[in-house]
Amino acid sequence: MRLVTYRASIEAEARLGAISGSLVVDLQRLGAATNTPLPSTMLEFIDLGPNAVTIASDLIAVVNGLFPVGVATPLANVKLLAPIPRPRKNIFGIGLNYTEHVAESARSLDTSADLPRQPVIFSKPPTTVVGPGDPIVHNAKITQQLDWEVELAAVIGVAAKGVAREDALAHVFGYTVLIDMSARDCRRAGQWIYSKGQDTFAPMGPCIVTADEIPDPQTLDLSLSVNGVQKQSSNTAYMLFKVDELIADISQGITLEPGDIIATGTPAGVGAGLDPQEWLWPGDTIEAEVQGIGRLRHAVIAA
């Protein structure tokens, strides 16, 4: 199932929907029409647990395209928002999680050339999140080194505390695309949160694809282009620490809760790693894609 948060008009409230062909199906309204209570937000839906996806899928299948009035809207007529517009807590970011990115970071960002022995974890505040097509803000007073990173993001569906690696994927609700924007010149004493945590620095979407449709998250192509020129192209198979390892590692000391987001790292090809280095400026456009999930496209604007 492909789940979205959307707005049907500028004035309308954000709603939870499921993509069915060329339509967005409002799950709360579909539930009301079929005497099956369903929530209107993504986080509330995730909170219902794994059975929620089955219930919603069955309802859509039973209707078989004959949706009651007001339940389905053409996808082309809605504004997609970030699937989780306001995460409950910081996004878990993973640094240096692809071998070639470790090498390029060591050359240009003074990080170690040695492969990490444990996941490198940082965070991005909820205020970094923007939805598909929303602008990325370049604040020239703060940074002259705005950089890009395409990532697969895993969304937790079942609370995870001290889980074993072999059980970890059972805690995933689904997957989405996230661009980990980074102001490289804003690192402070080796700390990354100000560099990566500025407003608009986590474009996310266009949907969450539920875990049943991606049984193996380590087989997905991912890519990013700037102004139509490809900069990153790789596959999640090349992660140093796979999704199940990340969940198991984080959960040993931090409880992962439903709706938590793990951005799993980026491959080589970031601006800081190019020769000469390249940075994003107002007027630029970036596009990021993860196979089987979708594509994000964002313009960079001045603050």
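Just so you know, these numbers come straight off a predicted model, no measurement behind them. Just so you know, residue 1 is the first one in the sequence shown, and it goes up from there.
The backbone N or O of Gln28 sits nowhere less than 3.5 Å from a side-chain atom of Ser40 that would complete a donor-acceptor pair. The backbone N or O of Phe201 sits less than 3.5 Å from a side-chain atom of Lys124, completing a donor-acceptor pair. Side-chain N or O atoms of Thr41 include one that pairs as donor or acceptor with a backbone N or O of Glu44 at under 3.5 Å. Panel note: side chain Thr36, backbone Thr34; a donor-acceptor pair is recorded below 3.5 Å. Looking at Trp148, its side chain does come within 3.5 Å of a backbone N or O of Gly269 through a donor-acceptor pair. Using modelled atom types, one side-chain atom of Arg88 and one backbone atom of Pro258 make a donor-acceptor pair closer than 3.5 Å. In this structure, Asp260 contributes its side chain and Glu257 its backbone to a donor-acceptor pair below 3.5 Å. Using modelled atom types, one side-chain atom of Asn97 and one backbone atom of Thr264 make a donor-acceptor pair closer than 3.5 Å. Gln277 places no side-chain N or O within 3.5 Å of a backbone atom of Gly271 that could act as its donor or acceptor partner. At least one donor-acceptor pair closer than 3.5 Å links the side chain of Thr266 to the backbone N or O of Val150.
Nearest heavy-atom pair across Thr5 and Pro83 is OG1-O, 2.6 Å. Taking all atoms of both residues into account, the shortest heavy-atom contact from Val172 to Ala211 is O-CB, 3.5 Å. For Thr128 against Gln198, the heavy-atom pair with the smallest separation is CG2-O, 3.3 Å. Contact record, Phe122 with Gly95: CE2-N, 3.6 Å, taken as the closest heavy-atom pair. Residues Pro132 and Pro206 come closest through the heavy atom pair CG-CA, 3.7 Å. When all heavy atoms of Ile46 and Gly259 are compared, the pair lying nearest together is CG2-N, 3.8 Å.
Atom OG of Ser9 is separated from atom CZ of Arg7 by 8.5 Å, given to the nearest 0.5 angstrom. For the atom pair OG1 of Thr73 and CG of Leu23, the computed distance is 8.0 Å after rounding to the nearest 0.5 Å. Put simply, CD1 on Ile179 and CD1 on Ile286 are 4.0 Å apart, with the number rounded to the nearest 0.5 Å. With values rounded to the nearest 0.5 angstrom, Gln232 atom CD is found 11.0 Å from Glu100 atom CD. Atoms SG and OH, on Cys207 and Tyr6 in that order, are 15.0 Å from each other to the nearest 0.5 Å. The distance from the CZ atom of Arg165 to the CZ atom of Phe241 is 10.0 Å, given to the nearest 0.5 Å.
His138 and Trp281 have tilted rings, their planes meeting at an angle from 30° to 60° on a 0 to 90° scale.
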- Task: Begin from the C-alpha positions of Leu246 and Phe92 and carry the test side-chain contact (heavy atoms from CB on, under 4.5 Å) through to its verdict.
- Result: CA-CA 10 Å; Leu246 295 174; Phe92 293 91; over 6 Å; no

- Task: For salt bridge (charged side-chain N to carboxylate O under 4.0 Å, His left out), just list the numbers for Lys242 and Asp216, CA-CA rounded to whole Å, side-chain angles, deciding distance to a tenth of an Å, and then say yes or no.
- Result: CA-CA 10 Å; Lys242 313 303 185 188; Asp216 184 359; over 6 Å; no

- Task: Would you sort out whether Leu27 and Leu3 count as a side-chain contact (heavy atoms from CB on, under 4.5 Å), showing the intermediate values?
- Result: CA-CA 10 Å; Leu27 290 183; Leu3 296 167; 3.8 Å; yes

- Message: Before you tell me yes or no, could you show the steps for Met239 and Glu245 under side-chain contact (heavy atoms from CB on, under 4.5 Å), namely the whole-Å CA-CA distance, both residues' side-chain angles and the distance that decides it to 0.1 Å?
- Response: CA-CA 10 Å; Met239 286 183 190; Glu245 292 179 274; over 6 Å; no

- Task: Could you give me the CA-CA distance, side-chain angles and deciding distance for Gln218 and Val243, then say whether side-chain contact (heavy atoms from CB on, under 4.5 Å) is met?
- Result: CA-CA 8 Å; Gln218 307 305 152; Val243 174; 3.2 Å; yes

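Within the 4.5 Å cutoff, the side chain of Pro282 has no heavy atoms near those of the Ile301 side chain. With a 4.5 Å cut-off on side-chain heavy atoms, Pro119 and Ile250 do not count as touching. With a 4.5 Å cut-off on side-chain heavy atoms, Val129 and Arg86 do not count as touching. Within the 4.5 Å cutoff, the side chain of Asp212 has heavy atoms near those of the Val53 side chain. For the pair Pro217/Thr236, no side-chain contact is recorded, criterion being any heavy-atom separation below 4.5 Å from C-beta on. At a threshold of 4.5 Å between non-hydrogen side-chain atoms, the residues Ile293 and Glu213 do not count as touching. Side-chain contact between Val226 and Leu280 is present, with at least one heavy-atom pair separated by less than 4.5 Å. Put simply, the side chain of Lys161 does not reach to within 4.5 Å of the side chain of Ile254, judged on heavy atoms.
Heavy-atom neighbours of Gln230 CD from other residues, nucleotides or ligands within 6.0 Å: above the threshold of 12. Gln252 CD: more than 12 foreign heavy atoms inside a 6.0 Å radius. Annotation for Tyr238: atom OH does not count as buried by contact number, only 12 or fewer foreign heavy atoms lying within 6.0 Å.
Every side-chain contact (heavy atoms from CB on, under 4.5 Å) that Asp221 has, sequence neighbours left out, goes to Asn235, Gln291.
Under the 4.5 Å side-chain heavy-atom criterion for grouping Ile, Leu, Val, Met, Phe, Trp and Tyr, Ile84 is not connected to Tyr175 through any hydrophobic cluster. Both Leu115 and Tyr98 belong to a common hydrophobic cluster when Ile, Leu, Val, Met, Phe, Trp and Tyr are linked at side-chain heavy-atom distances under 4.5 angstrom. No chain of hydrophobic side-chain contacts below 4.5 Å, direct or via other Ile, Leu, Val, Met, Phe, Trp or Tyr residues, connects Leu80 to Leu43. Using a 4.5 Å cut-off between side-chain heavy atoms of Ile, Leu, Val, Met, Phe, Trp and Tyr, with links allowed through other members, Ile156 and Leu48 fall into different hydrophobic clusters. Using a 4.5 Å cut-off between side-chain heavy atoms of Ile, Leu, Val, Met, Phe, Trp and Tyr, with links allowed through other members, Leu296 and Met181 fall into the same hydrophobic cluster.
With hydrogens and angles left out, the side-chain atoms of Asp185 and Thr143 include a donor and acceptor closer than 3.5 Å.
For residues 225-241, the pairs satisfying salt bridge (Lys or Arg N to Asp or Glu O under 4.0 Å) are Lys231-Glu278, with sequence neighbours left out.
Salt bridge annotation for Asp147-Lys196: absent, with no cationic side-chain nitrogen under 4.0 angstrom from a carboxylate oxygen.
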